[in-house]
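Notes follow once the structure below has been shown.
All figures in this text were calculated on a predicted structure; none of them were measured in a lab.
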Amino acid sequence: MQFNVALLGGDGIGPEVLAQSVKCLQAVEETFGHKFEFTKAAIGADAIKKHGVPFPEETYNACKNADAILFGAIGAPEFDNDPNVKIWPEQGLLQLRKGFDLFTNIRPVKIFPALIKQSPLKKEVLQGTDLVIYRELAGGIYFGEKTTNKENTFATDICSYSEKEISRVAHLAFKAAKKRRKKLTLVDKANVLETSRLWRKVVTNVSESYPEIAFDCLYIDNAAVQMILNPKQFDVILTSNMFGDILSDQGSVLAGSIGLLPSASVGIGKAMFEPIHGSYPEAKGKNIANPVASILSTAMFLEHFGLIEESNAVVSAVLKSFTKKIVTPDILGSSKYGTDYVGDFIAENIVDVDDNPNMNDENIGLGKSTII
């Protein structure tokens, strides 16, 4: 198969980790006979410096003409530390999501046995944790009307949702639950927020179309606690934009490093794959950033397009890097392996499943039904 892939490295460590994903796709290309053509484009602070806007037209066109988008990271301190700026990098990512109606973000949180000691939680609490967060991505408070007064002493961010916005992501989450352990938890704040009350009403109605799925609801504060106390109780978590952003970052604590968790953002006709971490500007150019989240996002890209063996081969190579302790310093503080070395090791160990006797069930189903 042939794919056109838009590469949006973005800011900070984004280009560095994305380069390792490209190595892995080139290994898949060589091993399985596929063809990947790459187009680089600017976004975020990088685009502001080059074009004056965070999501220039040429980047939009590169994404429009691509079969899929691979994204690095976004954000820069010079914008974060200046509250008076009118344009900032993250606007580019929001425009990208809105422009292609990427309304669902899928974030798997799976505990890798070889790294279970990496987590601050006890082994008995973590074992068996395998959940996925379905986060609504194109609505809510991030996209609502924003106002400030002239004195910058008062501000508002409007959170709004429609029944349609909620229903479409809910159906995708329930369909994913059917292929997993058949449980879905809606996370909201329906005891306080009108938007959450609408979420609960709409999702409860949608649940009636999936009688085989065990459906329950948790308030966001309780859900955050339960993810730490008993994460294995969750299968599919469905939630709004901001709550999903917070919970998925919390999920990185379970795994032991934010550098381990991938994600997919999907819509009707376009899909983007990216690590959940930020731009980590302190590590830029130091060859210490963890490329695994980006590489596993590439595995989700392959799975999304039905290339299951290829996806499993990438995940298997990542697991081998864990077993051999070929990891970046955030995983083992004493590790001297850099971003490039880890990426090279993983790419070199991507082999056909038929040639890999170490493949087992642990390697299969990273996203579990990310194919939309």
Side-chain angles (χ1 to χ4, degrees), residues 102-112 119 126-137 166 168-188 199 203 206-207 210 212-218 220 223-224 226-228 230-258 260-267 271-277 292-305 308 311-312 314-315 318 361-372:
L102 302 175
F103 62 83
T104 300
N105 184 240
I106 304 165
R107 297 189 172 188
V109 180
K110 190 170 184 177
I111 305 304
F112 301 104
S119 174
L126 281 176
Q127 279 184 325
T129 297
D130 182 3
L131 62 93
V132 60
I133 298 171
Y134 271 65
R135 168 192 172 192
E136 198 287 322
L137 200 61
I166 299 167
R168 62 183 183 175
V169 66
H171 278 289
L172 293 185
F174 275 103
K175 288 174 182 177
K178 285 178 67 174
K179 298 179 181 180
R180 290 176 53 93
R181 301 197 309 276
K182 295 181 171 56
K183 180 181 179 182
L184 186 144
T185 301
L186 171 65
V187 173
D188 61 26
W199 267 86
V203 177
V206 171
S207 72
Y210 302 89
E212 70 274 39
I213 306 300
F215 169 60
D216 64 351
C217 304
L218 286 179
I220 177 63
Q226 292 301 318
M227 275 188 68
I228 299 300
N230 183 22
K232 65 174 69 73
Q233 70 181 281
F234 296 107
D235 181 19
V236 175
I237 293 175
L238 168 63
T239 191
S240 62
N241 203 338
M242 184 170 68
F243 292 163
D245 194 3
I246 295 167
L247 285 181
S248 53
D249 279 3
Q250 184 176 333
S252 70
V253 176
L254 305 181
S257 171
I258 200 169
L260 295 173
L261 296 189
S263 77
S265 299
V266 301
M272 179 172 72
F273 305 87
E274 60 177 307
I276 76 163
H277 60 66
V292 167
S294 181
I295 292 171
L296 290 179
S297 297
T298 303
M300 294 184 75
F301 155 50
L302 295 169
E303 183 183 356
H304 178 83
F305 284 97
I308 307 302
S311 176
N312 288 338
V314 173
V315 178
V318 170
D361 289 342
E362 247 176 37
N363 303 344
I364 307 223
L366 175 71
K368 289 192 178 176
S369 309
T370 62
I371 301 173
I372 306 300

With a 4.5 Å heavy-atom cut-off, do [X] and [Y] have their side chains touching?
| X | Y | value |
| --- | --- | --- |
| Ser119 | Ile111 | no |
| Tyr210 | Lys182 | no |
| Arg107 | Leu247 | no |
| Leu218 | Phe234 | yes |
| Asp216 | Leu186 | no |
| Phe174 | Val203 | yes |
| Glu136 | Thr104 | no |
| Tyr134 | Ile106 | yes |

Where [X] and [Y] come nearest, the two heavy atoms and their spacing:
| X | Y | value |
| --- | --- | --- |
| Ser263 | Ser297 | N-OG, 3.4 Å |
| Ser240 | Trp199 | CA-CZ2, 3.7 Å |
| Lys232 | Thr129 | N-OG1, 3.7 Å |
| Val266 | Ala271 | CG1-CB, 4.1 Å |
| Leu260 | Val292 | CD2-CG1, 3.8 Å |
| Ala173 | Leu238 | CB-CD1, 4.1 Å |

Inset, instruction - Run through Lys178, Lys183, Lys179 and flag the one making a salt bridge (Lys or Arg N to Asp or Glu O under 4.0 Å) with Glu212. - result: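 Among the candidates, only Lys178 passes.
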Using 0.5 Å steps for rounding, measure from the [atom1] atom of [X] to the [atom2] atom of [Y].
| X | Y | atom1 | atom2 | value |
| --- | --- | --- | --- | --- |
| Thr239 | Ile220 | OG1 | CD1 | 5.5 Å |
| His304 | Ser311 | NE2 | OG | 12.0 Å |
| Ser248 | Ile133 | OG | CD1 | 5.0 Å |
| Ser294 | Leu261 | OG | CG | 13.0 Å |
| Leu131 | Asp235 | CG | CG | 8.0 Å |
| Ser207 | Leu184 | OG | CG | 9.0 Å |

Inset, instruction - Dump the intermediate steps for side-chain contact (heavy atoms from CB on, under 4.5 Å) on Thr185 and Gln226, then the final yes or no. - result: CA-CA 12 Å; Thr185 301; Gln226 292 301 318; over 6 Å; no
Inset, instruction - Check whether any side-chain N or O of Gln250 sits under 3.5 Å from a backbone N or O of Ala224 as a donor-acceptor pair, and report yes or no. - result: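 Flag set: sc Gln250 to bb Ala224 pair under 3.5 Å.
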Inset, instruction - Not counting sequence neighbours, which residues clear ring pair (Phe, Tyr, Trp, His ring centres under 6.0 Å) with Phe103? List them please. - result: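 Phe103 satisfies ring pair (Phe, Tyr, Trp, His ring centres under 6.0 Å) with no residue once adjacent residues are dropped.
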Inset, instruction - Kindly state each residue pair satisfying salt bridge (Lys or Arg N to Asp or Glu O under 4.0 Å) with at least one member in residues 237-247, sequence neighbours excluded. - result: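 Every salt bridge (Lys or Arg N to Asp or Glu O under 4.0 Å) pair that includes a residue of residues 237-247, provided the two are not neighbours, is Arg135-Asp245.
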